[in-house]
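Some notes on the structure that comes next.
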2 protein chains.
Amino acid sequence: MTRGDLFSPECPTRRLLDRIGSKWTSMAVKVLAEADPEEVRFAELRRRMPGVSQKMLSVTLQNLVHDGLAERRVEPTVPVRVHYRLTPLGLSLDGPLAAVRTWAEEHMAEIDLARASAKR
Amino acid sequence: MTRGDLFSPECPTRRLLDRIGSKWTSMAVKVLAEADPEEVRFAELRRRMPGVSQKMLSVTLQNLVHDGLAERRVEPTVPVRVHYRLTPLGLSLDGPLAAVRTWAEEHMAEIDLARASAKR
DNA sequence: CGGTATCCACAGCGATACTG
DNA sequence: CAGTATCGCTGTGGATACCG
């Protein structure tokens with residue numbers, strides 16, 4: 001493959017990083033992947049993602065659904081109950097994300113060390 | 001490990017994603033990793049990263065150096081020549097990034113398909 | 001050549017309040 | 001319960017100009 005493809009404005013890696021770099025996306029994917037194959041309700045997701053606002057969780061999940069990474073199922077009760085789970089595509093994304101998480105856990109301390117020893 | 005660790009405000013994964021999610025970081029790491037063990041000059045990096053501004057390349061490289069992911073070497077000529085290369089730590093980060101790149105290349109088309117078939 | 005300084009536009013995100 | 005609407009702050013990043 002050519003380098004031009006990867007670095008063009010439509011570079012798939014860049015676009016993917018825009019997604020998973022958004023504040024809550026990777027956390028949502030991880031929570032949903034851990035629950036898989038069980039569904040997770042909106043309120044339960046919120047509980048498992050400390051600090052997320054209702055709005056941002058809503059936006060994050062909409063993005064995942066819109067990208068085909070997650071599915072949304074509404075129970076037509078009153079009040080409604082909404083369940084989410086990853087699609088196979090979304091589940092497959094957890095692999096690369098896990099690699100990033102593992103690296104972070106193993107090496108972020110070294111980065112912190114480098115930062116601390118640098119002039120601020 | 002506990003989930004609390006990963007999802008705390010200082011979650012290492014979150015902080016790493018903040019870095020590699022920034023617009024030019026992952027591209028710079030890739031270019032430097034491809035050149036490794038050769039050094040790459042500032043102007044050459046700029047050429048290999050289409051669209052990057054001088055300022056953002058400078059900021060990106062400073063961040064990498066500050067985090068101990070890259071090294072900077074200045075040739076004290078006039079005008080100066082500045083060379084960059086990854087540290088072993090930075091090189092090790094290319095592994096997880098490569099996993100993300102591979103996933104992106106294999107699956108972004110599916111995401112585009114999902115987006116296209118969704119109501120806009 | 002390789003920065004640094006300044007200015008600015010815009011998108012991400014949080015807080016809050018309201019709705020079906 | 002699970003959103004949507006509105007508002008405003010903040011940080012990222014682009015354009016431009018200048019410096020050692």
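The shown structure was predicted, so the numbers you read here are calculated from the model rather than taken from an experiment. Naming convention: chains lettered A, B, ... in sequence-line order (proteins, then strands); numbering from 1 in each chain.
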query = Looking at R73(A), R81(A), R85(A), which one forms a side-chain hydrogen bond (donor to acceptor under 3.5 Å, both in side chains) with E39(A)?
reply = R73(A)
task = Taking side-chain hydrogen bond (donor to acceptor under 3.5 Å, both in side chains) as the test, write out the residues that go with W103(B), two or more places apart.
result = S92(A)
key: With Q54(A) via side-chain hydrogen bond (donor to acceptor under 3.5 Å, both in side chains) - residues at least two apart   = none
inquiry  = Distance under 4.0 Å to a non-hydrogen atom of chain A counts as contact; along DNA chain D, which nucleotides mark the start and end?
reply    = dC1(D) to dT6(D)
task = Please tell me which of G51(A) and P79(A) maps to the more 5' nucleotide of DNA chain C, matching each residue to the nucleotide holding its nearest heavy atom.
result = G51(A)
task = May I ask you to say what Q62(A) touches in the nucleic acid, namely base, sugar-phosphate or nothing, with a heavy-atom cut-off under 4.0 Å?
result = sugar-phosphate
key: Residue whose closest nucleotide on DNA chain C lies nearer the 5' end, S58(B) versus M56(A)   = S58(B)
ask   = Taking the side chain as C-beta and beyond, is there a heavy-atom pair between V80(A) and E75(A) under 4.5 Å?
value = no
ask   = Yes or no on side-chain contact (heavy atoms from CB on, under 4.5 Å) for R72(B) and Q62(B), after CA distance, side-chain angles and deciding distance?
value = CA-CA 9 Å; R72(B) 192 181 113 114; Q62(B) 280 172 23; over 6 Å; no
task = Would you mind checking if E105(B) and R101(B) are paired as a salt bridge, meaning a charged N to carboxylate O distance below 4.0 Å?
result = no
query = Can you list the residues that meet the salt bridge (charged side-chain N to carboxylate O under 4.0 Å, His left out) rule with R19(A), with sequence neighbours excluded?
reply = D67(A)
query = Bend angle of the helix from dC1(C)-dG20(D) to dG20(C)-dC1(D) from five-pair axes at both ends, rounded to 10°?
reply = 50°
query = Between which nucleotides of DNA chain C, read 5' to 3', does contact with chain A run, using atoms under 4.0 Å from its heavy atoms?
reply = dC13(C) to dA15(C)
ask   = Just wondering, do N63(B) and T25(B) contact through their side chains at under 4.5 Å, heavy atoms?
value = no
message = Over all strands shown, is S22(B) touching base, sugar-phosphate only, or nothing at heavy-atom distances under 4.0 angstrom?
response = sugar-phosphate
key: SB check D112(A) R15(B) (cutoff 4.0 Å)   = yes
task = Please tell me which of V82(A) and K55(A) maps to the more 5' nucleotide of DNA chain D, matching each residue to the nucleotide holding its nearest heavy atom.
result = V82(A)
message = side-chain contact (heavy atoms from CB on, under 4.5 Å) for H83(A) and V40(A)? Distances and angles first, verdict last.
response = CA-CA 5 Å; H83(A) 304 256; V40(A) 186; over 6 Å; no
task = Check whether V74(A) and L57(A) end up in the same hydrophobic cluster, where Ile, Leu, Val, Met, Phe, Trp and Tyr are linked by side-chain heavy atoms less than 4.5 Å apart.
result = yes
request  = Pick base, sugar-phosphate or nothing for E75(B), based on heavy-atom distances below 4.0 Å to the nucleic acid.
outcome  = nothing
